[in-house]
Number of protein chains: 2
Amino acid sequence: MVTIKDIARDTGLSPATVARALGGNGPTRPETRQRVHEAADRLGYVVSSAARSMRNQSSDMVGLIVPDIVNRFYSEMARAIAAACDARGLHFLLAVTDDDPDRELRQMRAMVAARAAAVALVPGPHSHRSMIALAERQPFVQLVRRSEWLRSEWFGFEEESGLETATTHLLSLGHRHILLACSGDRYSTGAARQRGYTDALKKHGLSVDDALIRAGEPTVAHGRAAIADIPPHVTAIITAGTLLTEGAVDVLTDRGVSIPGDLSIVGFGIEKWLQWWRGGMTRIIPPVDVLAETCAEHLLSRIGTEAAGYSSGTGVIGHPTVFEIGQTTAPAAT
Amino acid sequence: MVTIKDIARDTGLSPATVARALGGNGPTRPETRQRVHEAADRLGYVVSSAARSMRNQSSDMVGLIVPDIVNRFYSEMARAIAAACDARGLHFLLAVTDDDPDRELRQMRAMVAARAAAVALVPGPHSHRSMIALAERQPFVQLVRRSEWLRSEWFGFEEESGLETATTHLLSLGHRHILLACSGDRYSTGAARQRGYTDALKKHGLSVDDALIRAGEPTVAHGRAAIADIPPHVTAIITAGTLLTEGAVDVLTDRGVSIPGDLSIVGFGIEKWLQWWRGGMTRIIPPVDVLAETCAEHLLSRIGTEAAGYSSGTGVIGHPTVFEIGQTTAPAAT
DNA sequence: GTGAAAGCGCTAACAT
DNA sequence: ATGTTAGCGCTTTCAC
């Protein structure tokens with residue numbers, strides 16, 4: 001391994017001077033700098049970020065912990081944070097939890113072990129209590145979902161109003177029995193979306209039929225399962241999640257259900273295909289790119305400030321979702 | 001920052017004993033280990049991976065450098081590598097290049113600076129020459145695309161035969177003027193896909209019309225541009241890339257082109273919606289999940305072996321693609 | 001403008 | 001089974 005010492009030996013300078021020449025910190029004659037850089041290139045020198053962060057007591061890594069990097073929701077976050085990091089000379093530590101609390105904890109420990117400059121987390125269900133102490137050790141934000149224990153800023157969406165709008169749309173079309181596929185209340189998003197749905201029903205003076213709330217994991221599999229049996233009086237469904245929408249569409253396509261003739265459907269997501277499916281799906285669109293940008297900026301701006309800079313009441317930013325009416329919802333048959 | 005020294009002071013032991021108790025390496029009395037762990041938990045100790053990698057002359061980081069993490073092609077790779085890392089107690093450094101050679105080089109330097117245990121790269125166009133030396137410093141593989149300069153193992157797809165199959169399919173349906181949207185030959189995949197297309201034409205004794213090969217960047221924008229003007233005698237198109245397919249579908253939907261009545265189309269990709277679009281798109285499917293798995297296993301298995309373990313002729317693994325015939329291709333009008 | 005020296009936190013070698 | 005010591009590569013005083 002080529003070190004600063006090797007360059008010092010090669011150029012006949014001291015390690016200190018070499019470091020200054022390379023880092024551009026202290027004073028160095030331009031000629032010296034030249035000579036040092038030439039030697040560094042020739043010998044193939046690359047700094048050791050381990051040594052540097054040891055000395056500096058901080059690294060240039062920013063961490064992101066997500067349930068699933070294939071999900072576009074989260075890969076957009078990764079893209080935005082990676083871009084923001086690159087612009088600032090920071091680097092990017094990605095961790096995937098698969099919504100497993102143990103894995104989540106391991107990854108959070110790894111972030112602390114790496115002395116990450118900042119960490120963003122999409123918390124899974126039942127986060128371990130020891131996450132709290134780990135989160136306090138650097139600037140930290142929660143994304144999309146919010147754990148009740150973790151005191152931190154949060155960047156997410158106004159899930160309730162999104163679902164309320166969607167539900168109201170169906171009610172105004174005359175639908176009275178609306179099936180909701182969503183994630184369970186162990187996920188803050190699942191809970192919020194259920195609230196939005198039930199609130200809309202209550203505002204219209206309707207009672208909530210618990211059998212029509214199909215809560216489960218936010219997966220394609222649950223999307224399928226949630227509509228495996230649709231009671232005959234149901235005339236509309238809402239799939240309140242990207243993967244749930246995908247699973248439901250898969251089943252509906254297989255069955256050859258006529259949309260919106262037999263059934264109205266409101267989907268959820270940002271994927272382009274939603275606007276191509278059956279002439280364009282009526283859907284809830286979380287503006288993920290905006291959120292990702294906002295959050296990346298904020299998180300990185302907090303680097304260097306005190307870690308636990310969170311004062312309760314601040315920094316809870318719910319971004320509104322967009323509701324787009326397409327061809328998959330129509331008045332209920334009378 | 002709580003260090004081993006603090007635990008040593010707290011327990012009245014020496015730093016070395018504490019390290020042994022925590023790491024489980026050297027011999028320690030169970031009772032001592034107990035005491036040390038209790039103190040570590042109480043004080044909130046988390047090991048410094050910087051210090052550890054400095055001492056060990058190696059880190060527990062595995063790097064992946066991709067053009068675009070939102071592209072499912074690459075997020076699948078990330079998922080597979082992240083999972084494989086987690087299973088082995090390694091961690092995951094992700095870098096995004098946006099197909100910018102400068103950014104690619106910066107990210108590769110960062111990997112070397114972090115003394116990554118292994119690195120996988122999806123090379124962009126015109127990789128810098130200095131990538132060569134950086135690649136040699138740890139186990140290294142190329143993914144999907146292949147740079148001619150970089151000597152390393154490669155995991156990708158049999159792009160040529162995939163395109164040849166697709167083109168032959170259209171030829172056998174009687175199409176004689178087939179437009180190809182693809183990436184330029186600065187991308188190894190673009191070049192290979194073009195070869196597959198022209199080979200098929202030549203085998204059928206047809207000449208290649210260069211005006212029908214629309215090469216550009218692998219982006220949605222180019223997918224749109226490539227079919228902005230379709231010459232009247234063209235009866236079929238192939239969009240040889242995921243984002244190109246997306247862009248083309250967007251335009252075709254806007255224009256209300258009848259598929260396959262007016263035009264046959266062969267797409268490319270793994271996304272679920274391809275099988276929903278117009279009753280299922282005829283398409284080339286690269287089995288990305290298999291490739292990702294294979295590559296992750298291989299890369300991690302090489303950790304600890306000599307870095308430049310590449311002998312020419314070895315390790316060029318092109319995985320076959322799948323060709324699925326859907327509802328978007330039909331016999332050419334006569 | 002340059003050099004000498006110290007120390008970041010950890011662990012392995014060696015001594016007890 | 002535990003303690004002592006040294007050093008990984010870098011940067012930052014502090015001298016000169």
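This one's a predicted model, so the numbers in the text were calculated from it and none came from an experiment. The sequence lines fix the lettering, A, B, ..., with proteins before strands; numbering per chain opens at 1. Below, all heavy atoms of this structure are taken into account, side chains as well, without hydrogens, waters or symmetry copies.
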| query | Under 3.5 Å, is there an N or O donor on one side and an acceptor on the other linking the side chain of A:Arg115 and the base of C:dG9? | reply | no

| request: Please report the closest heavy-atom contact between B:Leu121 and B:Met131, naming both atoms and the distance. | output: CD2-CE, 3.6 Å

| remark: Rounded to whole Å, CD1 of B:Ile4 lies from P of D:dG3 at a distance of 13 Å

| Is the distance from OP1 or OP2 of C:dG3 to the nearest side-chain N or O of A:Thr17 less than 4.0 Å? | yes

| message | Would you say A:Gln142 and A:Ser147 are linked by a side-chain donor-acceptor pair, where the criterion is simply a distance under 3.5 Å? | response | no

| query | Where do B:Asp102 and B:His128 land on the side chain to side chain donor-acceptor pair (under 3.5 Å) test, with the steps shown first? | reply | CA-CA 8 Å; B:Asp102 296 337; B:His128 281 285; 2.8 Å; yes

| task | Kindly point out which of C:dC8, C:dT11, D:dT13 is positioned nearest to the side chain of A:Arg55? | result | C:dC8

| task | Determine the sole option in A:Leu22, A:Asp10, A:Asp6, A:Val18 for which the side chain to side chain contact (heavy atoms under 4.5 Å, CB included) test with A:Tyr45 is passed. | result | A:Leu22

| message | Check the phosphate of C:dC10 against B:Asn56, side-chain N and O only, distance under 4.0 Å to OP1 or OP2. Yes or no? | response | no

| message | Assess, by modelled atom type and distance only, whether the side chains of B:Thr28 and B:Arg20 contain a donor and an acceptor separated by less than 3.5 Å. | response | no

| What are the two closest heavy atoms between B:Ile81 and B:Phe92, and how far apart are they? | CG2-CE1, 3.5 Å

| query | Can you tell which of D:dT13, C:dA6, D:dT2 lies closest to the side chain of B:Arg29? | reply | D:dT2

| field | Nucleotide of D:dG9, C:dT2, C:dC14 approaching B:Arg20 most closely (side-chain heavy atoms) | value | C:dC14

| task | Nearest-nucleotide wise, let me know which of A:Ala51 and B:Val18 is further upstream toward the 5' end of DNA chain D. | result | B:Val18

| task | Determine: side-chain N/O of A:Thr32 to OP1/OP2 of C:dG1, distance under 4.0 Å, yes or no. | result | no

| query | So which nucleotide from D:dC10, D:dC8, C:dA4 ends up closest to the side chain of A:Ser14? | reply | C:dA4

| note | Among the nucleotides C:dG9, C:dC8, D:dT12, whichever has the atom closest to the side chain of B:Ser48 is C:dG9

| Counting just side-chain N and O atoms, does A:Asn25 come under 4.0 Å of either OP1 or OP2 of D:dT12? | yes

| message | Please compare B:Leu13 and B:Met54 by the position of their nearest nucleotide in DNA chain D and report the one closer to 5'. | response | B:Leu13

| said: In whole Å, I'd like the distance from the CZ atom of A:Arg33 to the C1' atom of C:dG1. | reply: 11 Å

| task | Measure from CG on A:Leu22 to P on D:dT12 and round the result to the nearest Å. | result | 13 Å

| Once you round it to whole Å, what is the distance between P of D:dA1 and CD of B:Gln34? | 16 Å

| Whole-Å distance separating the CG atom of B:Asp6 from the C1' atom of C:dC10 | 13 Å

| said: Tell me the interatomic distance from A:Arg35, atom CZ, to C:dG1, atom P, rounded to whole angstroms. | reply: 14 Å

| task | Starting from C1' on D:dG3, measure out to CZ on B:Arg9 and report it in whole angstrom. | result | 16 Å

| said: Please tell me if A:Arg52 has a side-chain N or O lying less than 4.0 Å from either OP1 or OP2 of D:dT11. | reply: yes

| said: If you compare every side-chain N and O of B:Gln57 against the phosphate oxygens of D:dG9 (OP1, OP2), does one of them come in below 4.0 Å? | reply: yes

